[in-house]
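Some notes on the structure that comes next.
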Protein chains: 4
Amino acid sequence: MARPAAIALKARKQPRQARSQATVDAIFEATIQVLLGEGLQRLTTIRVAERAGVSVGTLYQYYPNKQALLFGVMQRHMERVGAAVEKTMAAVEHTPLATMIPAVIASLVREKTSSIDESRVLYAVSNELGARDLVRAAEKYARARIAEFLATATDARFDDIEMTAYMFFSALNGPLRVALEGGASSKMLSSLRDHLTSLCLGYLEREARPR
Amino acid sequence: MARPAAIALKARKQPRQARSQATVDAIFEATIQVLLGEGLQRLTTIRVAERAGVSVGTLYQYYPNKQALLFGVMQRHMERVGAAVEKTMAAVEHTPLATMIPAVIASLVREKTSSIDESRVLYAVSNELGARDLVRAAEKYARARIAEFLATATDARFDDIEMTAYMFFSALNGPLRVALEGGASSKMLSSLRDHLTSLCLGYLEREARPR
Amino acid sequence: MARPAAIALKARKQPRQARSQATVDAIFEATIQVLLGEGLQRLTTIRVAERAGVSVGTLYQYYPNKQALLFGVMQRHMERVGAAVEKTMAAVEHTPLATMIPAVIASLVREKTSSIDESRVLYAVSNELGARDLVRAAEKYARARIAEFLATATDARFDDIEMTAYMFFSALNGPLRVALEGGASSKMLSSLRDHLTSLCLGYLEREARPR
Amino acid sequence: MARPAAIALKARKQPRQARSQATVDAIFEATIQVLLGEGLQRLTTIRVAERAGVSVGTLYQYYPNKQALLFGVMQRHMERVGAAVEKTMAAVEHTPLATMIPAVIASLVREKTSSIDESRVLYAVSNELGARDLVRAAEKYARARIAEFLATATDARFDDIEMTAYMFFSALNGPLRVALEGGASSKMLSSLRDHLTSLCLGYLEREARPR
DNA sequence: CATGAATGAGGTTTCATTCAT
DNA sequence: TATGAATGAAACCTCATTCAT
C-alpha cells in the first residue's frame, strides 16, 4: 500500500451491467480467497486479479486502490451481519431481557459462523488503516443501536445505558473474535453461544433495575 | 517484511557492554514510539533506528530481522503484564469469588493502563504473523492458569472449568481491547473496571455451583 | 545475492508481445555489457536494468532473481556453442581420428571466438553457485557425447573411453579458457587451434589401439 | 568487498613475535575453512575472524582489507606449489623429455592433491578482482620458467617454445582444475596423473624436433 | 595490541499503480 | 473496456571497515 494519504476510498464505479456485476463479485470472492490462502501481508492486487480471472487493470477499473478493495470487502461483510442482527433486534424489541438477549446473541453467532472463513480473515483486515475508521464508525453506530434496543426491555432499566451497551457489545465480540481467530470447532461454537448468553444476561441482570 | 518462513526470531546477541544495553533499550523504546506515531504499516527498520538514534546496522546486530523486533517488544509487554497478574492471583487464591475476581480485574486493568500507549499499540502487532503464535501460546497458558485459579474459589465449583476460564479471559480482554484501541478516557477506564467486575462476576456466579 | 537456498531459477514469464521480446533481449545484452565493463562483483540488477534502458521492476518481471539472470545468460551461451559443436560432430562421425578431431576443434574454437567477449566474461559467471550446477550438468553431458563420438572413429579403439573423453574435453577447454580469459590476440588464437589439434591428436593417438 | 579501487594489497605488517605468527596462521586456516564451508559469497571478515578465534579488529591489524586477505591466502598457496615444482624442475633439467615431463607432472599433481580442499576452494578465489592480477603474473612467470625448462631437454628442440610452454601449462592445469573442482576420487586422481603424462608427452613429442 | 559495537552505503526484491495497445 | 508491460519508490538486510574502550 503505497501512500495512504487522504484518498477516495469509495468504489470507483457502480457496475450497471450484468457482466460488470459478475466481475465485481469475482474480485470480492478472490480477495477473501487470497486473504485466506496467503494472508494480508501477501495479498497483492495482482494476486487478487489473477485469482479473480481478470487483469490488474480491470481490478483498478472497479476499485481506485488497494485500500478501497479491502474497504469494500469489509463493508460488505459488516453490512450483511449488521442487517441480520438489526432484523432480529426489531423482532424482539419490547420484550423481557430473557427473551431479547438470547435472540440477539443467537442471531449474531449464526451470522458470523455462517461464513466462518470470511469472518475470521476479516479480523486481520479490520486493523488496516483504511478499514479502521470504517469499523469504528460501525461500532459506534452499533452501540447506539444497542442502547436503544436495551432501553425497550419491558423488565429492566439501566442507569448508564451507554456504558451498558458498550460492555454488552464488547463482551459479545471479545470471545467471538478469539474463537473465530483461533479456529474454534463447531461443537465449541454451539457451546459458546450458551456461554455468551450466560455472560451477557448475568451482566445485564446485575446492572438492571426493575422497571 | 520479506518472506516469513521459519526464521530465527530470537534476539541475536546478548549485550555485554553497558553501551550495548543502552542501545537495546533505545531500540525498544523507539519501536513503541514509531508504532505510536506512524502505525505498524509505516514502521520500518530504518525509521526505528533513526528514532533510536542508531544506524540500521546496529539494529540488526541485536535483532535478526524486523519480525524479531516486534516479537521482542510483544514478549516484553506480555511478560510484564503476566507477571503482575500472576502475583495478584497468587495472593488471593483460596478466597471467595467476590474477593478473587475484583482483585484480578483491578490488577489487569491497572497494569494495562499504566502504559496505555504501549498496550494500545501492541494490539496491532499481535496480529503479525510472527507475534501471532507467541500470543496464542501466552493465551493458552493464561487460560490454563485461570482455570487453576478459579478452581481454588472457596465458594464455587464449575462444571466446565475450561470453558469458564475461556469466557472469563475473553470477557476481560474484549472490552479492554476495544477501550484501549479506541482511546478511552481515564474516567471511562475507571468505570470500565467496575463494569468488567460486574460482567465477570455476573457470569461466574451464574455458572458456579455452591461448594 | 542474498541467500542462495533452493529458489526457482527459471525465467519468470515467457514474453508474448513483441515489446516483451525486445525487452528480454535488451536485458540479456545489457548483462553481458555490464559483466564486461564492470565485472561480476559490480554487476547489480539496477546496473543491468539501467544499461538495458528499463527499470528494475521490468527486469524482475522476466527473471525472478539475480541468479536466474546469470543462469539464463549462461544457458543461452552454452546452448549456442553446444549446438554448433554437436552439428559438426554429427557430420564427421565414422571417419578416421585425423579427420574427426581437427573438425571438432575448429568448430569449438570458431564458436567460442565468434563472440569472444561473451565467452570470456562467462567464465567468471560459471563459478556462481547457481550456474555451477548448470555447467556441471552440461559438462557431464558433453563428456558422454564425446565418448560416443570417439567410439565411432574408424581407425581407433580406446580402452578407457570415459577417461579419454574426459581428458580430451579438459585438454580442449583448459587452454581455451586461459587464452580467452587472458585476452589472446587473434593471431595467437589461430595458432592455438593448430596446437590444440596437436595436443589432442597426440594424446588420442597414444591412447588409441588400432581397430 | 566495498570499493575495489586501487588499494594497497600487501599484508599490513610482518608479524615478528611468535604470538602474531600464530594469529596469522589461524586467520589463514580460518579463511580456507570458511571458503570451504560457506563459499566465497558468504565469506565475510567477521566470519573468518570468528572461525580464527579472534576479533575483526585483530584481523584488520594484519590485513588492510578483505581483498588483501584473499590475496594473501592465494599467494601462499601458489608459492608452496610453485616452490615444489621448481625444485623438481631443477632436479630433472638436462635429461630427455621422457624423464623430465613425468617428473614435473607427478610433482604438480602431488602438490595440488596433498591439500585438495585448499586447492579446490582457491579456484573460486582466483577469479576475484584482486587475485586475478596475482594469478596472471604467476602464470606468466610459470610459462617463462617452463619454456626455459623445456629448452634443456637433451633430446628435443621446439620451434615456438613460448607457445609450446603455454600449451603444456594449460593442458596440465585444465584437467587438474576440472578434476579438483568436481571433487575427483583418489583413484581417479592417480589415473589422471598417467593420462596427463600421456597428454603432455604426446603433444611435446609431436612438436619436438630431434636435437 | 585486542575487542566488538557502530556505521551506512549499497544490494536485492516487491508491489501499487499507470497507460499504450 | 480489458490487458499486462512497465515503472520506481521504498522496504529489508548485509558487511567491509573504523575507533573508542
Side-chain angles (χ1 to χ4, degrees), chain A residues 1-3 13 17 19-20 23 41-50 54-67 69, chain B residues 1-3 13 15-20 22-24 41-47 49 53-67 69, chain C residues 1-3 13 15-20 22-24 41-47 49 53-67 69, chain D residues 1-3 13 17 19-20 23 41-50 54-67 69:
Chain A
M1 218 163 293
R3 218 68 39 70
K13 63 165 124 174
Q17 304 184 5
R19 184 166 56 140
S20 296
T23 301
Q41 302 283 339
R42 292 178 58 77
L43 179 145
T44 68
T45 49
I46 287 195
R47 261 194 266 265
V48 169
E50 264 171 5
V54 300
S55 68
V56 228
T58 299
L59 188 155
Y60 274 85
Q61 295 258 330
Y62 294 99
Y63 295 94
N65 51 52
K66 187 181 163 185
Q67 253 184 70
L69 174 65
Chain B
M1 218 164 293
R3 212 69 42 72
K13 70 159 105 165
R16 302 221 185 105
Q17 304 186 2
R19 184 167 53 146
S20 291
T23 301
V24 169
Q41 301 285 335
R42 292 177 58 76
L43 180 145
T44 69
T45 50
I46 287 194
R47 260 193 269 266
V54 300
S55 68
V56 228
T58 297
L59 188 155
Y60 276 90
Q61 292 228 335
Y62 296 98
Y63 296 94
N65 51 54
K66 186 181 162 184
Q67 249 183 81
L69 175 64
Chain C
M1 218 163 292
R3 211 70 41 70
K13 70 159 105 167
R16 303 225 183 102
Q17 304 186 2
R19 184 167 53 144
S20 291
T23 301
V24 169
Q41 301 285 336
R42 292 178 57 76
L43 179 144
T44 70
T45 49
I46 286 194
R47 263 193 267 267
V54 299
S55 67
V56 228
T58 298
L59 188 156
Y60 276 88
Q61 292 228 333
Y62 296 100
Y63 297 93
N65 50 54
K66 188 180 162 186
Q67 247 183 83
L69 174 65
Chain D
M1 218 163 295
R3 217 67 40 70
K13 63 165 119 171
Q17 306 185 2
R19 184 164 56 139
S20 294
T23 301
Q41 301 284 337
R42 292 177 58 77
L43 179 144
T44 69
T45 50
I46 287 195
R47 260 193 268 265
V48 169
E50 264 172 6
V54 299
S55 69
V56 229
T58 299
L59 187 154
Y60 274 84
Q61 295 257 333
Y62 294 98
Y63 296 94
N65 51 52
K66 187 180 162 185
Q67 254 184 71
L69 174 64

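All chains are named by letter (A, B, ...) in the order of the sequence lines, taking the proteins before the strands, and each is independently numbered beginning at 1.
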Strictly below 4.0 Å: does Ser55(D) bring a side-chain N or O up to OP1 or OP2 of dT3(E)? yes

Thr58(C) side-chain N/O to dT7(F) phosphate OP1/OP2 under 4.0 Å: yes

Separation of dC13(F) P from Leu43(B) CG (nearest whole Å): 12 Å

DNA chain F: 5'-proximal contact among Thr44(B) and Gly53(C) (nearest heavy atom): Gly53(C)

Between the opening five pairs and the closing five pairs of the helix from dA2(E)-dT21(F) to dT21(E)-dA2(F), how far apart are the helix axes, to 10°? 0°

Report yes if at least one side-chain N or O of Thr45(D) is closer than 4.0 Å to OP1 or OP2 of dC15(F); otherwise report no. no

Toward the 5' end of DNA chain F, which comes first, Val54(A) or Ile46(B), by nearest nucleotide? Val54(A)

Just compare dT3(F), dA6(F), dT17(E) and give me whichever is closest to any side-chain atom of Asn65(A). dT17(E)

Just to be sure I understand the rule, does Val56(C) reach a base, reach only the sugar-phosphate, or reach nothing, if contact means heavy atoms closer than 4.0 Å? base

Is Arg47(B) near enough to dA10(F) that one of its side-chain N or O atoms lies under 4.0 angstrom from OP1 or OP2? no

Leu59(C) CG to dA6(F) P: how many Å, rounded? 11 Å

Among dA6(E), dC15(F), dA16(E), find the nucleotide with the atom closest to the side chain of Thr23(B). dA6(E)

Across all chains, not counting sequence neighbours, the side-chain contact (heavy atoms from CB on, under 4.5 Å) partners of Ser55(D) are Thr58(D)

Mind calculating the distance between CD (Gln41(B)) and P (dC12(F)) to the nearest angstrom? 11 Å

Atom CZ of Arg42(D) to atom P of dT14(F): distance rounded to whole Å? 9 Å

